[in-house]
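Following: one structure in structure tokens, then a few remarks.
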Amino acid sequence: MELQTTIRDFPNKISSLNLPPDTSIRVVIELGETPGEKIEAGDEVAEKKGRWAQVAEELAAANVLEGRSEEVNKLFREFRDNFSFERK
């Protein structure tokens, strides 16, 4: 079953279905002005990002490893080759 409504009318539409209280429902929210309208990648949507998401964005923007791929690859290779779970 598919039900298309607005937030304003949502409670009335759901209650008019007379579904049992234990019925599981899935709600998909489209953030367009009109039903079926898609939000484009550049459109702003009010969304609070978590602390780690902000840190990840800052690191990506800083691009601290730019031009250092050979050095990073060498360090990873060294670590991988010398890594062991054994205690010495």
Side-chain angles (χ1 to χ4, degrees):
M1 171 188 314
E2 183 174 321
L3 174 71
Q4 189 168 350
T5 185
T6 62
I7 293 294
R8 181 184 319 108
D9 298 331
F10 182 73
N12 294 336
K13 290 278 189 169
I14 292 294
S15 64
S16 71
L17 295 175
N18 295 322
L19 298 171
D22 294 342
T23 302
S24 176
I25 64 169
R26 178 173 177 248
V27 177
V28 177
I29 299 174
E30 293 183 11
L31 298 174
E33 299 252 341
T34 58
E37 181 182 350
K38 301 295 181 198
I39 301 295
E40 296 299 322
D43 293 347
E44 291 186 29
V45 176
E47 178 181 314
K48 184 177 179 186
K49 294 182 181 167
R51 180 174 36 160
W52 291 113
Q54 291 173 352
V55 168
E57 282 183 355
E58 290 172 18
L59 286 175
N63 205 6
V64 294
L65 298 177
E66 184 176 5
R68 300 179 67 192
S69 61
E70 288 297 321
E71 178 185 0
V72 171
N73 286 340
K74 180 183 174 200
L75 290 171
F76 277 123
R77 196 174 308 113
E78 257 179 55
F79 174 79
R80 185 185 65 226
D81 293 345
N82 295 323
F83 181 81
S84 173
F85 283 111
E86 298 174 10
R87 291 183 178 225
K88 294 185 179 186

What is the distance from atom CH2 of W52 to atom CG of L59, rounded to the nearest 0.5 Å? 9.5 Å
From R68 atom CZ to L75 atom CG, the distance as rounded to the nearest 0.5 Å: 8.5 Å
Using the rule given for side chain to side chain contact (heavy atoms under 4.5 Å, CB included), can you reason through K74 versus E78, listing the C-alpha separation, both sets of side-chain angles and the distance that settles it, and then say yes or no? CA-CA 6 Å; K74 180 183 174 200; E78 257 179 55; 3.6 Å; yes
As an exercise, state the distance from OG of S16 to CG of L3, rounded to the nearest 0.5 Å. 7.5 Å
Pairwise distance CZ(R26) to CD(E2) - rounded to 0.5 angstrom: 10.5 Å
With distance as the sole test, does T23 use its side chain to make a donor-acceptor pair with the main-chain N or O of L19 at under 3.5 Å? no
Plane angle bin for F79 and F83 - parallel if under 30°, tilted between 30 and 60°, otherwise perpendicular: tilted
Mind checking the OG1-CD1 spacing from T5 to I14? Nearest 0.5 Å is all I need. 8.0 Å
